[in-house]
2 protein chains.
Amino acid sequence: MRLSGKLRKESARDYALRVLKENIISLELKPGTPISENELAAELGISRTPVREAIIDLARANVIETYPQKGSFISKIDPKMVEEARFLRQITDTAVTLEACGTIEGERLREIEENVALQEFYLDKGMTDRIFELDNRFHKLIYIAVGKELIHEIHSTLMIHFDRVRNISVETVKDFKVVNDHRAILEAIKAGDKEKAAELVDKHLHRYKFDEAVIRSQRPEYFKQ
Amino acid sequence: MRLSGKLRKESARDYALRVLKENIISLELKPGTPISENELAAELGISRTPVREAIIDLARANVIETYPQKGSFISKIDPKMVEEARFLRQITDTAVTLEACGTIEGERLREIEENVALQEFYLDKGMTDRIFELDNRFHKLIYIAVGKELIHEIHSTLMIHFDRVRNISVETVKDFKVVNDHRAILEAIKAGDKEKAAELVDKHLHRYKFDEAVIRSQRPEYFKQ
DNA sequence: ATATGAATACTTGTATACAAGTATGCAAGC
DNA sequence: GCTTGCATACTTGTATACAAGTATTCATAT
């Protein structure tokens with residue numbers, strides 16, 4: 001597992017949660033991998049308690065599966081979970097984007113513009129690693145701009161199902177049309193064109209749907225069924 | 001606080017979580033009330049650990065606010081949280097109901113029919129206590145019927161913001177038009193009338209929006225601002 | 001060779017101990 | 001009366017101890 005150091009003023013629980021999320025999404029922790037509370041605590045240099053609390057958080061969204069007295073495991077990719085996450089993201093992103101149309105301005109708008117500009121910059125330079133982070137940040141900024149940050153927070157753990165598949169997609173098919181999508185969505189928001197924005201969000205999220213068949217054939221051991 | 005006994009095969013954590021949820025929604029634990037992990041553990045006859053784990057779960061959705069080394073408190077009613085919960089419920093209920101239109105049948109449909117019949121029965125008898133439970137169950141059944149149970153589960157804690165206000169509404173305005181709403185929604189689903197269903201869901205959830213001004217004037221001490 | 005069973009080394013769930021920060025009350029001093 | 005400061009009794013965060021269940025391994029008996 002990949003360990004980044006514990007940040008100052010970050011609690012042990014937040015540290016464990018952050019490291020777990022990073023490694024699950026990046027597939028450093030492969031689907032099906034057993035997770036021992038004791039072992040992870042030792043690796044992170046903290047005690048079982050905060051590690052356990054982080055695992056409980058992930059287990060609530062079925063990202064980790066815990067079987068009492070048997071063990072905990074990184075959940076294998078379950079197409080039903082991925083679809084639930086995609087479905088939820090579809091409807092909330094659409095609704096939030098509609099609210100954003102014509103209402104975002106000032107500093108909030110500037111942040112989003114900067115974000116998209118950076119995506120285009122890194123895409124141009126071929127530094128695609130940065131784009132994932134910027135992608136997530138792009139969508140989060142829209143949620144914040146329309147005052148729906150709690151919804152974004154509540155959904156974040158569930159979206160690991162989705163993000164993980166997205167990461168495999170990139171490992172395998174290398175598709176960066178998403179940057180163009182983001183640009184187009186931003187322009188639609190600025191223009192206040194709700195119909196166009198909704199259509200773009202819909203198209204944007206359906207990109208990840210197609211990849212599943214490809215991934216499954218390449219990494220069948222990652223899948224539940 | 002109201003204590004129901006610990007169920008057989010229910011873990012201590014689930015017990016604490018269930019009792020806390022019940023008492024927060026019913027307003028037995030009033031907004032602003034301090035919650036001590038030690039005290040609650042003693043009341044429930046379990047140790048701090050599972051109590052703490054339950055509190056963490058509720059704190060994640062801002063239902064409880066924890067200040068390290070100071071204390072934890074039942075969150076006061078925050079109109080922004082209530083609106084986020086209502087907004088989320090609006091869009092997911094609508095999307096799920098649209099999927100349900102014309103696709104639910106057999107045992108699944110029968111369960112929902114029975115649920116609505118019971119609501120009408122208890123409304124008629126004036127046993128309105130039962131209706132809250134049936135109300136929640138009605139909506140959950142629809143989520144299950146279209147295979148979106150994880151979304152329902154993930155949202156359940158956040159909906160406490162909404163359910164709590166709904167409960168005050170009933171204490172104060174006694175409005176049971178919701179039963180008629182449920183009947184109408186069910187009929188629209190059976191008829192496969194998506195337009196009608198979406199309109200009904202929209203109207204249904206907006207009922208609770210109006211009550212806020214009334215509640216605020218009656219129970220200002222429950223509100224954050 | 002095969003089946004049986006006990007020892008062992010794990011697992012998570014729960015309880016408890018300790019650490020460190022905070023609010024409160026009260027007494028002392030001015 | 002008012003302020004200061006310390007003792008005290010809380011709080012949550014973290015670490016550790018104990019309980020109970022499970023899988024494995026290896027020796028023994030058939």
Side-chain angles (χ1 to χ4, degrees), chain A residues 1 3-21 24 29-76 157, chain B residues 1 3-21 24 29-76 157:
Chain A
M1 192 167 72
L3 298 179
S4 51
K6 181 174 161 186
L7 304 174
R8 275 279 156 262
K9 96 182 194 92
E10 182 180 45
S11 70
R13 168 155 55 102
D14 287 342
Y15 174 45
L17 192 55
R18 180 171 58 80
V19 170
L20 274 172
K21 279 185 178 179
I24 293 172
L29 285 172
K30 303 197 189 311
T33 306
I35 297 294
S36 160
E37 293 176 2
N38 272 319
E39 196 178 321
L40 186 53
E43 272 192 89
L44 297 176
I46 59 181
S47 76
R48 255 190 75 199
T49 303
V51 168
R52 174 177 168 78
E53 289 169 353
I55 287 176
I56 289 172
D57 197 84
L58 294 166
R60 195 168 184 278
N62 288 5
V63 170
I64 286 180
E65 289 173 21
T66 295
Y67 304 95
Q69 277 69 49
K70 291 183 189 173
S72 294
F73 305 85
I74 307 295
S75 294
K76 290 198 172 187
T157 306
Chain B
M1 191 168 73
L3 299 179
S4 51
K6 179 173 163 186
L7 305 174
R8 273 284 157 260
K9 97 180 192 90
E10 182 180 44
S11 70
R13 168 155 56 102
D14 287 341
Y15 174 45
L17 191 56
R18 180 171 58 81
V19 170
L20 273 172
K21 278 186 177 178
I24 293 171
L29 285 172
K30 301 194 190 313
T33 307
I35 297 295
S36 160
E37 294 176 1
N38 272 318
E39 198 178 318
L40 186 53
E43 272 192 271
L44 297 178
I46 58 182
S47 77
R48 254 190 78 201
T49 304
V51 168
R52 174 178 169 77
E53 289 169 353
I55 288 176
I56 289 172
D57 196 84
L58 293 165
R60 194 167 185 278
N62 288 6
V63 170
I64 286 181
E65 289 172 21
T66 295
Y67 304 95
Q69 278 68 51
K70 292 183 187 172
S72 295
F73 306 85
I74 307 294
S75 295
K76 291 197 172 186
T157 307

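Chain identifiers are assigned alphabetically (A, B, ...) following the order of the sequence lines, protein sequences preceding nucleic acid strands; residue numbering begins at 1 within each chain. All values below come from the heavy atoms of this structure, side chains included, with hydrogens, waters and symmetry mates left out.
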K.L.:
How far does CD1 of A:Ile56 sit from CD1 of B:Ile56, to the nearest 0.5 angstrom?
P.N.:
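Nearest 0.5 Å value for the CD1-CD1 distance: 7.0 Å.
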
K.L.:
What distance do A:Leu58 atom CG and A:Leu17 atom CG have between them, rounded to the nearest 0.5 Å?
P.N.:
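Separation between the atoms: 5.5 Å.
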
K.L.:
Just verifying a value: how many Å separate A:Asp14 CG and A:Lys21 NZ, rounded to the nearest 0.5 Å?
P.N.:
9.0 Å

K.L.:
With the side chain counted from C-beta on, respond yes when A:Val63 and A:Leu20 share a heavy-atom pair under 4.5 Å apart, and no when they do not.
P.N.:
no

K.L.:
Specify the residue among A:Gly71 and B:Gln69 whose closest nucleotide of DNA chain C lies further upstream toward the 5′ end.
P.N.:
A:Gly71

K.L.:
Let me know, please, whether B:Pro68 or B:Ala12 comes out on the 5' side of the other along DNA chain C by nearest nucleotide.
P.N.:
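Mapping each residue to its closest nucleotide by heavy atoms, the 5'-most match is B:Ala12.
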
K.L.:
Specify the residue among B:Lys70 and A:Ser11 whose closest nucleotide of DNA chain D lies further upstream toward the 5′ end.
P.N.:
B:Lys70

K.L.:
In this structure, are over 12 heavy atoms from other groups packed under 6.0 Å from A:Glu43 atom CD?
P.N.:
yes

K.L.:
I need the A:Arg48 CZ to A:Glu37 CD distance, nearest 0.5 Å.
P.N.:
4.5 Å

K.L.:
Could you give the start and end, 5' to 3', of the contact zone on DNA chain D for chain A, using atoms under 4.0 Å from its heavy atoms?
P.N.:
D:dT14 to D:dA23

K.L.:
With rounding to the nearest 0.5 angstrom, report the CE to CD1 distance, A:Met1 to A:Ile24.
P.N.:
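Result: 9.0 Å between the selected atoms.
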
K.L.:
Find the distance between CZ (B:Phe73) and CD1 (B:Ile64) and round it off to the nearest 0.5 Å.
P.N.:
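Going from the CZ atom of B:Phe73 to the CD1 atom of B:Ile64 covers 11.0 Å.
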
K.L.:
Name every residue in residues 44-58 of chain A that has at least one heavy atom under 4.0 Å from any atom of DNA chain D, in order of residue number, or write none if there are no such residues.
P.N.:
A:Ile46, A:Ser47, A:Arg48, A:Thr49, A:Pro50

